[in-house]
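One structure, as structure tokens, below. Some questions next.
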Amino acid sequence: MIIADRKPFQEIMDMLKPFTKILLLGCNECVTVCSAGGAKEVAVLASEIRLTRAKEGRSVEVVEHTLERQCDPEYAAEVKTFVEGSDVVLSMACGCGVQTMAEAYGNKCVMPAVNTT
């Protein structure tokens with residue numbers, strides 16, 4: 001099984017600095033089991049991002065979604081509308097999921113929010 005840990009919050013915020021429309025994408029497989037990137041973790045991180053941006057006086061739109069498996073191109077295709085409406089995809093999946101999303105949506109910046117171990 002793949003195990004992951006969320007990146008430090010400040011590192012995530014530094015990566016997101018230029019973006020205002022963020023798709024925060026979780027995965028219901030390995031990262032859910034290790035409590036790093038499932039729906040619950042997506043909701044927590046989305047709240048942290050919104051609160052931090054509000055404190056900074058900067059606007060942000062964070063769309064939350066969790067796929068059954070980000071590493072499966074069939075599931076990756078389900079979020080096309082969400083991806084098209086965002087500036088960046090912040091993936092809470094393992095490296096394989098991030099890579100699958102980057103390949104599926106080559107015109108979008110896809111960034112990892114977790115470190116796969």
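This chain uses plain numbering: 1 for the first residue, then up along the sequence.
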Any donor-acceptor N/O pair, R58 side chain to K17 backbone, under 3.5 Å
yes

Query - Backbone of I49 reached by a side-chain donor or acceptor of T52 within 3.5 Å - result: no

Regarding E64 and R50, does a basic nitrogen lie under 4.0 Å from an acidic carboxylate oxygen? yes

Subject >> Exam field: side chain E84 to backbone T81, donor-acceptor pair closer than 3.5 Å >> reply: no

Okay, side chain of K108, backbone of S86: is any donor-acceptor separation there less than 3.5 Å? yes

Salt bridge flag under 4.0 Å for residues E48 and R6: yes

Minimal heavy-atom distance between T116 and C94, with the atoms involved, is OG1-CA, 3.4 Å

Correct closest heavy-atom pair for C34 and A4 would be SG-N, 3.5 Å

Quick one: are V83 and L23 in side-chain contact, heavy atoms under 4.5 Å?
-> yes

Can you tell me if Y105 uses its side chain to pair, donor with acceptor, with the backbone of T100 under 3.5 Å?
no

Side-chain heavy atoms nearer than 4.5 Å, only ILVMFWY residues, links allowed to pass through others: does that put V114 and V44 together? no

Here the gap from R53 atom CZ to T20 atom OG1, rounded to the nearest 0.5 Å, amounts to 7.5 Å

Rounded to the nearest 0.5 angstrom, the CD-CD distance for E74 and E68 is 11.0 Å

Value for CG (L16) from CD1 (I22), rounded to nearest 0.5 Å, stands at 4.5 Å

So, do V79 and L25 sit near enough that their side-chain heavy atoms are less than 4.5 Å apart? yes

One should read off an interatomic distance between L90 CG and L45 CG, to the nearest 0.5 angstrom, of 6.0 Å

All heavy atoms of C30 vs all of I2, minimum pair found to be CB-O, 3.4 Å

**OP:** Measure the shortest side-chain to side-chain distance between C96 and Q99 over non-hydrogen atoms and say whether it is less than 4.5 angstrom.
**Re:** no

Here the pair of heavy atoms bringing S91 nearest to A93 is OG-N, 3.1 Å

Quick check on the hydrophobic clustering: are V31 and I3 connected, directly or via other members, by side-chain heavy-atom contacts under 4.5 Å? no

For C27, is there any backbone N or O sitting under 3.5 Å from a side-chain donor or acceptor partner on T32? yes

The reported gap from NZ in K7 to CE in M92 (rounded to nearest 0.5 angstrom) is 11.5 Å

Verify same cluster id: V98, L67 (apolar side-chain graph, 4.5 Å): yes

Between the CD atom in E29 and the OH atom in Y75, the distance rounded to the nearest 0.5 Å is 8.0 Å

Tell me whether M13 is reachable from V42 by hopping between hydrophobic residues (I, L, V, M, F, W, Y) whose side-chain heavy atoms are closer than 4.5 Å. yes

Q) Would you call M111 and V89 a side-chain contact if the rule is heavy atoms closer than 4.5 Å? A) no

side-chain contact (heavy atoms from CB on, under 4.5 Å), that's the test. Do I12 and Q10 meet it? Break it down for me. CA-CA 5 Å; I12 293 170; Q10 191 56 53; over 6 Å; no

- Message: Applying a strict under-4.5 Å side-chain criterion to I, L, V, M, F, W and Y, I'd like to know whether F19 and L51 cluster together.
- Response: no

### Query
Checking N115 side chain against D5 main chain: does a donor-acceptor pair fall under 3.5 Å?
no

